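To start, the structure under review is shown below, and the notes come after it.
In the text below, chain A, chain B and the rest are named by the order of the sequence lines, each starting its count at 1. This is a predicted model, so every value here is computed, not measured. All values below come from the heavy atoms of this structure, side chains included, with hydrogens, waters and symmetry mates left out.
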Number of protein chains: 2
Amino acid sequence: MISNTEENYLKGLFMLSVTKGEANVNELSKLLDIKMPTVNSMMKKLAEKKLVIYQSYKPIKLTEEGKKAAALIVRKHRLTEMFLVEKMGFGWDEVHEIAEQVEHIQSPLFFKKMDEILGHPKIDPHGSPIPDKDGNIDNPNYHQLNECEVGQSVILKAVRLSSDTFLKFLNAHQMSLGTIITITAKEEFDGNMTLSYGDQKSQVFSYKACERLLVEKQ
Amino acid sequence: MISNTEENYLKGLFMLSVTKGEANVNELSKLLDIKMPTVNSMMKKLAEKKLVIYQSYKPIKLTEEGKKAAALIVRKHRLTEMFLVEKMGFGWDEVHEIAEQVEHIQSPLFFKKMDEILGHPKIDPHGSPIPDKDGNIDNPNYHQLNECEVGQSVILKAVRLSSDTFLKFLNAHQMSLGTIITITAKEEFDGNMTLSYGDQKSQVFSYKACERLLVEKQ
DNA sequence: ATATAAAGTTAGCCTATTCTAACAAAATAT
DNA sequence: ATATTTTGTTAGAATAGGCTAACTTTATAT
Ligand SMILES: [Mn+2]
Ligand SMILES: [Mn+2]
Ligand SMILES: [Mn+2]
Ligand SMILES: [Mn+2]
């Protein structure tokens, strides 16, 4: 049995491990907004349960079992977000908090039905990949918009670190997944980019915004 | 803030109070499958929070605030069951356990959407009334089938104490809400009733089964 | 009117999850 | 090579929610 609390730690570890394959106590503490000593004890407990590999002062790694459990929670989270947007009329900026709760529902049938009704979606409303029933996930190799060059034409595929406020910002600027963007200019000084897309002929996006836009080259 | 645990106690009290307007520790203990001393401490806590009126050795009553909170949880439970059956293709015998979890989701918007999508339903898949947004509930005055007379024709309106096994039993006997039933015979000895409905010309239902069928006279 | 049974309470203990304060190790800067 | 900062650990305490054992009160049956 994995408690809701333990599930949240596993999911946090999973997200932090995407790049480096490991995470540390401090990062996890910040991500979950839980103090380090608490995270430390939980790591001992999860190690006891064979869900993580953990030795004092060393980075934390998920075991295969832990990785699969975590992926299945991420699957439930992202399926839920997709269901809320596609079948219940929510905006992509309204679903994360609800999914954060629904992801803990214990009922394989519930999520199987969601998956079927949605037609086995591969991505969530923010473009993040949905792990399959076995916990396998394919991390597509998108580029951050801030690293693209002037003159390039790209397509918005996903949003990174998608807080509700950032998503509302994108709504306000008529930017959504699939939008085709041409980079008109790029400021060396602060990384500001001037973009042309849809109706917008020269919108200036900050470095902080561009960093979060994951695109694919046309 | 009312925790999930507290919500379950409030809901239990609400159900037990339907008839007498009050409940006692022993009943609640059995309903929730939690030992009496634990229930006792929780009653003190809920009294502290002004959600129940409680004095030692006296029956427990919900305050107006407690009653409303409980009704809103019941609302979420029943809306969920309706959504699962009507919009996600579940059978009426598969939804209770899931609703038991979903009822604790904190998101008024989530349940508002459900309610809209369902067209503001007044009853759940088992015929139980759904409290409105203010927590008001109208308990319709149905009759238990076992109390009806031979020769009477009635309509099945709701199922009481609807366990999954009982609902599966009804499925197997092609009995569902709306079924028109004629009472052919009634055995004095054990209360068995012979029923005629739909394709079934003379099905014998035990007292225990009839007790759980709530009907309206034609 | 007792005696017995059922219901309710108290006391004390347990696990899960969190925190703060103090200390230790590792990483970074001078 | 130190000194300082950052990261990690330990110890001790708190709160929520649950349990058993023992005792008390109320209800029921002789
Ligand atoms: Mn999310
Ligand atoms: Mn969560
Ligand atoms: Mn139910
Ligand atoms: Mn519940």
Side-chain angles (χ1 to χ4, degrees), chain A residues 1-13 15-17 19-62 66 69-70 73 100-101 103-104 106, chain B residues 1-17 19-62 66 69-70 73 100-101 103-106:
Chain A
M1 245 312 79
I2 301 178
S3 71
N4 285 18
T5 305
E6 290 167 338
E7 288 191 341
N8 285 334
Y9 280 93
L10 288 176
K11 186 157 65 87
L13 281 172
M15 315 269 235
L16 291 174
S17 305
T19 44
K20 300 162 297 176
E22 52 186 46
N24 54 55
V25 175
N26 192 36
E27 286 169 348
L28 192 50
S29 166
K30 282 171 184 153
L31 181 71
L32 301 178
D33 194 23
I34 288 174
K35 295 289 178 290
M36 280 205 288
T38 309
V39 173
N40 179 273
S41 347
M42 183 56 86
M43 289 311 102
K44 289 177 185 169
K45 191 183 178 194
L46 293 180
E48 199 60 46
K49 287 192 170 190
K50 307 272 187 234
L51 294 167
V52 307
I53 309 284
Y54 178 59
Q55 299 174 84
S56 284
Y57 300 104
K58 295 273 169 60
I60 307 148
K61 279 197 268 286
L62 285 164
I73 301 156
E100 202 60 50
Q101 299 176 65
E103 70 190 357
H104 303 292
Q106 301 292 330
Chain B
M1 244 312 77
I2 300 178
S3 71
N4 285 18
T5 304
E6 290 167 337
E7 288 191 342
N8 285 333
Y9 280 94
L10 288 176
K11 187 158 65 84
L13 281 171
F14 186 81
M15 314 269 234
L16 290 174
S17 305
T19 43
K20 299 162 296 176
E22 52 186 45
N24 54 54
V25 175
N26 191 35
E27 286 168 349
L28 191 51
S29 166
K30 281 172 185 154
L31 181 70
L32 301 178
D33 193 23
I34 288 173
K35 296 289 178 289
M36 279 205 288
T38 309
V39 173
N40 178 272
S41 342
M42 183 57 86
M43 290 311 101
K44 288 177 186 168
K45 191 182 178 194
L46 293 181
E48 199 61 44
K49 287 191 170 191
K50 307 269 187 240
L51 295 167
V52 306
I53 309 283
Y54 178 57
Q55 299 174 84
S56 285
Y57 301 103
K58 296 272 169 59
I60 308 148
K61 278 198 267 283
L62 285 164
I73 300 157
E100 201 59 50
Q101 298 176 64
E103 70 190 357
H104 303 292
I105 301 281
Q106 301 291 330

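Across the protein-nucleic acid pair, Leu32(B) atom CG and dG18(D) atom P stand 9 Å apart, rounded to whole Å. Whole-Å rounding puts the Met36(A) CE to dT5(D) P distance at 16 Å. Between the C1' atom of dA27(C) and the NZ atom of Lys58(A) lies a distance of 15 Å, rounded to the nearest Å. Going from atom CD of Glu48(B) over to atom P of dG17(D) covers 14 Å, rounded to whole Å. Atom CG in Leu28(A) sits about 14 Å away from atom P in dT7(D), given to the nearest Å. At whole-Å resolution of the value, CG in Asn40(A) and C1' in dT9(D) are 6 Å apart. Taking atom CD on Gln55(A) and atom P on dT9(D), their separation rounds to 11 Å, with Å as the unit. As rounded to whole Å, 10 Å separates atom C1' of dA7(C) from atom OH of Tyr54(B).
Looking at Lys49(A), its side chain never comes within 3.5 Å of a backbone N or O of Gly66(A) through a donor-acceptor pair. Distance alone, capped at 3.5 Å, is enough to place a donor-acceptor pair between the Ser17(A) side chain and the Leu13(A) backbone.
Closest of all the heavy-atom pairs between Thr19(A) and Leu16(A) is OG1-O, 4.1 Å.
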side-chain contact (heavy atoms from CB on, under 4.5 Å) between Met15(A) and Lys11(A), worked out: CA-CA 6 Å; Met15(A) 315 269 235; Lys11(A) 186 157 65 87; 4.2 Å; yes
Derivation of the side-chain contact (heavy atoms from CB on, under 4.5 Å) call for Met42(A) and Leu28(A): CA-CA 11 Å; Met42(A) 183 56 86; Leu28(A) 192 50; over 6 Å; no
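For Tyr57(A) and Glu6(A), each mapped to the nucleotide of DNA chain C holding its nearest heavy atom, the one lying further toward the 5' end belongs to Glu6(A).
Picking from dT9(D), dC19(D), dT17(C) the nucleotide with the shortest atom distance to the side chain of Val25(A) gives dT9(D). Counting only heavy atoms from C-beta on, Pro37(B) has its side chain closest to dT10(C) among dT10(C), dT9(D), dA16(C). Listed candidates were dT17(C), dG8(C), dG18(D). Nearest to the side chain of Thr5(A) is dT17(C). For Lys45(B), taking side-chain heavy atoms from C-beta onward, the closest of the listed nucleotides dT18(C), dA16(D), dA16(C) is dA16(D). Nearest to the side chain of Asn26(A), among dG8(D), dG17(D), dA21(C), sits dG8(D). Residue Lys44(A) places its side chain closer to dT10(D) than to any other of dC19(C), dT10(D), dG8(D). Closest to the Lys35(B) side chain, of the nucleotides dT10(C), dT20(D), dG17(D), is dT20(D).
End-to-end axis angle of the helix from dA1(C)-dT30(D) to dT30(C)-dA1(D), using five pairs per end and rounding to 10°, comes to 0°.
With rounding to the nearest 0.5 angstrom, the NE2 atom of His104(A) is 14.0 Å from the NE2 atom of His104(B).
Applying the 4.0 Å criterion to OP1 and OP2 of dT17(C), one finds that Ser3(A) has a side-chain N or O inside that range. At least one side-chain nitrogen or oxygen of Ser56(B) sits closer than 4.0 Å to the OP1 or OP2 atom of dT9(C).
Other residues, nucleotides and ligands contribute only 12 or fewer heavy atoms inside 6.0 Å of the NZ atom of Lys50(A).
One finds no salt bridge joining Lys58(B) and Glu22(B) here, because no Lys/Arg side-chain nitrogen approaches an Asp/Glu carboxylate oxygen to under 4.0 Å.
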